[in-house]
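Take a look at the structure set out below.
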There are 2 protein chains.
Amino acid sequence: MLEYIILGFLMKEEMSGYDLKQWMVNCTSYFFDASFGSIYPALKRLEEKGHISCHEVIESSKFKKLYAITDVGKTYFLNWLEKPIAFSKTKQDHLVNFYFYQYLPNEKAISNLKIFISEVEELLNRLSNQKSDVEKEYDVNQFKFIYSAMIYGVNYYQFIIDWCNKLLKQIEGENL
Amino acid sequence: MLEYIILGFLMKEEMSGYDLKQWMVNCTSYFFDASFGSIYPALKRLEEKGHISCHEVIESSKFKKLYAITDVGKTYFLNWLEKPIAFSKTKQDHLVNFYFYQYLPNEKAISNLKIFISEVEELLNRLSNQKSDVEKEYDVNQFKFIYSAMIYGVNYYQFIIDWCNKLLKQIEGENL
DNA sequence: GAGTTCATGTAAGTTGTTACATGATTCA
DNA sequence: TGAATCATGTAACAACTTACATGAACTC
């Protein structure tokens, strides 16, 4: 998946491994992120396969290895993109915890739920602000899919918060 | 995470590696599943650590290695469970695809969205039926957390379907 | 008696992360 | 001049999956 994401970003413009990481942190980290330890080897592999090409530059007096997608790479990427998407059941790690909360005293369940909620709320706020910025600065119709992904992210976080709150009220109701 | 899930299941009753896999497929696969190739080595590790113990039996004329959680294991599990849950951003693989759909012709985007929707709809139907069965057979108040997880699963699938349909209508509207 | 399900396990491969190492440049 | 950021990279580890191997029992 990482190699496809890299190709996807390079469809827009050439960039370095460091740039790619920045893009992920700023734009896709709510559904995909990768470490330098996987990005750099991936770039090496993609170059070996001929999907990308590299040229070294000095940009604002900083050494950079800029990677550009090749025609072979473009064909490869688009061929992958047009294939039907297999829904891969995503691990919802937090559900593993909640699933066994029957073994926890209610007070502990409540306090942990509250901590978890505020954790997700912070992520929601950050993404929500980012979404507002995009709405102000860009014509969202031109970035339909990217903007839709943001809406997904915001609504997904909200969904988790709502679910937690419902569960919270249910347990709290019992404690009375 | 796998080792904790195993301990969690063994909190209920002793079972074999095969049983554990069955439980995951039938009960948790919408948010967590593991292969035999990871379950059996995990059981070995847990036994070495003294978190579980094993005894071999013939159950309905079939050889089984039944694992039971030890007191040490129980303490270890509960100690993990009561810690605050770190929200780990789950990779939403399908979003990686949709994020780059600007590079796909609208017709292809539409057909792929439709395929994806029916894929998720099938999962939703299966889980939805399972949920109905649980509602009929059990007192859901006794399995609050397990039942809440099911609601999470159903609503999560529905959320994805709704998001896809919205996006679909938006693209289809453009094609007129 | 042939195929399916039950049951356990291993070896190799996949796909990452974490921690470290290096060095240049920028900024206070 | 010392800390932070920019920039690239590797080695070790982690946590799995896939594919294979084995064999007993059940089912038609």
Side-chain angles (χ1 to χ4, degrees), chain A residues 1-7 9-10 14-26 28-29 31-49 51-67 80 86-93 96, chain B residues 1-7 9-10 14-26 28-29 31-49 51-67 80 86-93 96:
Chain A
M1 187 62 57
L2 174 59
E3 293 189 16
Y4 293 115
I5 268 234
I6 290 175
L7 291 177
F9 277 128
L10 297 183
E14 55 177 23
M15 49 179 106
S16 67
Y18 194 86
D19 295 334
L20 284 162
K21 175 64 183 171
Q22 295 298 101
W23 274 90
M24 288 182 200
V25 169
N26 294 327
T28 70
S29 60
F31 65 89
F32 191 97
D33 200 4
S35 63
F36 285 120
S38 56
I39 292 172
Y40 286 116
L43 287 169
K44 209 175 176 181
R45 288 195 305 273
L46 285 167
E47 200 184 358
E48 276 164 12
K49 283 188 257 182
H51 292 164
I52 60 175
S53 65
C54 172
H55 66 115
E56 303 180 355
V57 292
I58 309 280
E59 212 182 77
S60 50
S61 71
K62 261 169 223 147
F63 172 80
K64 269 195 175 193
K65 290 178 80 171
L66 285 183
Y67 290 93
W80 166 76
F87 179 74
S88 63
K89 293 179 185 174
T90 32
K91 283 193 180 162
Q92 311 274 337
D93 280 0
V96 175
Chain B
M1 187 62 57
L2 174 60
E3 294 189 16
Y4 294 114
I5 269 234
I6 290 175
L7 291 176
F9 277 128
L10 297 183
E14 55 177 23
M15 48 180 105
S16 66
Y18 194 86
D19 296 334
L20 283 163
K21 174 65 182 169
Q22 295 297 101
W23 273 90
M24 288 183 201
V25 170
N26 295 326
T28 69
S29 59
F31 65 89
F32 191 96
D33 200 4
S35 63
F36 286 119
S38 58
I39 292 172
Y40 286 116
L43 287 169
K44 210 175 177 181
R45 288 195 305 272
L46 285 167
E47 200 185 358
E48 277 164 13
K49 282 187 257 181
H51 293 165
I52 60 175
S53 65
C54 172
H55 66 115
E56 303 180 356
V57 293
I58 309 281
E59 211 182 78
S60 51
S61 71
K62 263 169 222 147
F63 171 81
K64 270 195 176 193
K65 291 177 81 170
L66 285 183
Y67 292 93
W80 166 77
F87 179 74
S88 62
K89 292 178 185 174
T90 32
K91 283 194 180 162
Q92 310 274 337
D93 281 359
V96 175

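Letters A, B, ... are given to chains in the order of the sequence lines, protein chains preceding strands, and every chain is numbered from 1. What you are looking at is a predicted structure, and each value in this text was computed from that prediction instead of being measured.
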Q) What residues form a side-chain contact (heavy atoms from CB on, under 4.5 Å) with B:Ser35, not counting sequence neighbours? A) B:Ser38
Q. Going from CD on B:Glu56 to CD1 on B:Ile58, what distance comes out if it is rounded to the nearest 0.5 angstrom?
A. 8.5 Å
**Q.** Of residues 32-44 of chain A, the positions that come close to DNA chain C - non-hydrogen atoms, cut-off under 4.0 Å
**A.** A:Asp33, A:Ala34, A:Ser35, A:Gly37, A:Ser38
Q. Of all residues at least two apart in sequence or in a different chain, which pass the ring pair (Phe, Tyr, Trp, His ring centres under 6.0 Å) check with A:Phe31?
A. B:Tyr99
**Q.** Shortest non-hydrogen contact from B:Met1 toward A:Val96
**A.** SD-CG1, 3.5 Å
(Q) Any heavy-atom pair between the side chains of B:Phe32 and B:Ile5 that's under 4.5 Å? (A) yes
Q) Base, sugar-phosphate, or nothing for A:Tyr18, non-hydrogen atoms under 4.0 angstrom? A) base
Q. Mind checking which nucleotides bracket the chain B contacts on DNA chain C, 5' to 3', with an atom under 4.0 Å from a heavy atom?
A. C:dC6 to C:dG16
Q | Qualifying residues under side-chain contact (heavy atoms from CB on, under 4.5 Å), relative to A:Tyr18, sequence neighbours excluded | A | A:Ser16, A:Gln22, A:Phe36, A:Tyr40
**Q.** Pairs flagged by salt bridge (charged side-chain N to carboxylate O under 4.0 Å, His left out) wherever residues 31-44 of chain A is involved - sequence neighbours left out
**A.** A:Lys21-A:Asp33
Q) Can you name the residues that form a salt bridge (charged side-chain N to carboxylate O under 4.0 Å, His left out) with A:Lys64, not counting sequence neighbours? A) A:Asp19, A:Glu59
Q. Side-chain contact, heavy-atom cut-off 4.5 Å: B:Ile52 with B:Leu7?
A. yes
Q: May I ask you to list the residues of residues 55-62 of chain B, by number, that have any heavy atom positioned under 4.0 Å from an atom of DNA chain C?
A: B:Lys62
Q.
What's the angle between the local helix axes at either end of the helix from C:dG1-D:dC28 to C:dA28-D:dT1, using five pairs per end and rounding to 10 degrees?
A. 30°
**Q.** B:Lys49: partners by salt bridge (charged side-chain N to carboxylate O under 4.0 Å, His left out), with sequence neighbours left out
**A.** B:Glu3
Q | Distance, rounded to the nearest Å, where A:Asp19 contributes CG and D:dT5 contributes P | A | 17 Å
Q) What residues, two or more places apart in sequence or in another chain, satisfy side-chain contact (heavy atoms from CB on, under 4.5 Å) together with A:Lys89? A) A:Phe87, B:Ser29, B:Leu123, B:Tyr157
Q.
Applying a 4.0 Å non-hydrogen cut-off, can you work out what B:Lys91 is touching in the nucleic acid: base, sugar-phosphate, or nothing?
A. sugar-phosphate
Q | B:Leu20 vs B:Leu43 side-chain heavy atoms within contact, under 4.5 Å | A | yes
Q) Side chains of A:Thr28 and A:Phe9: closer than 4.5 Å at any heavy-atom pair? A) yes
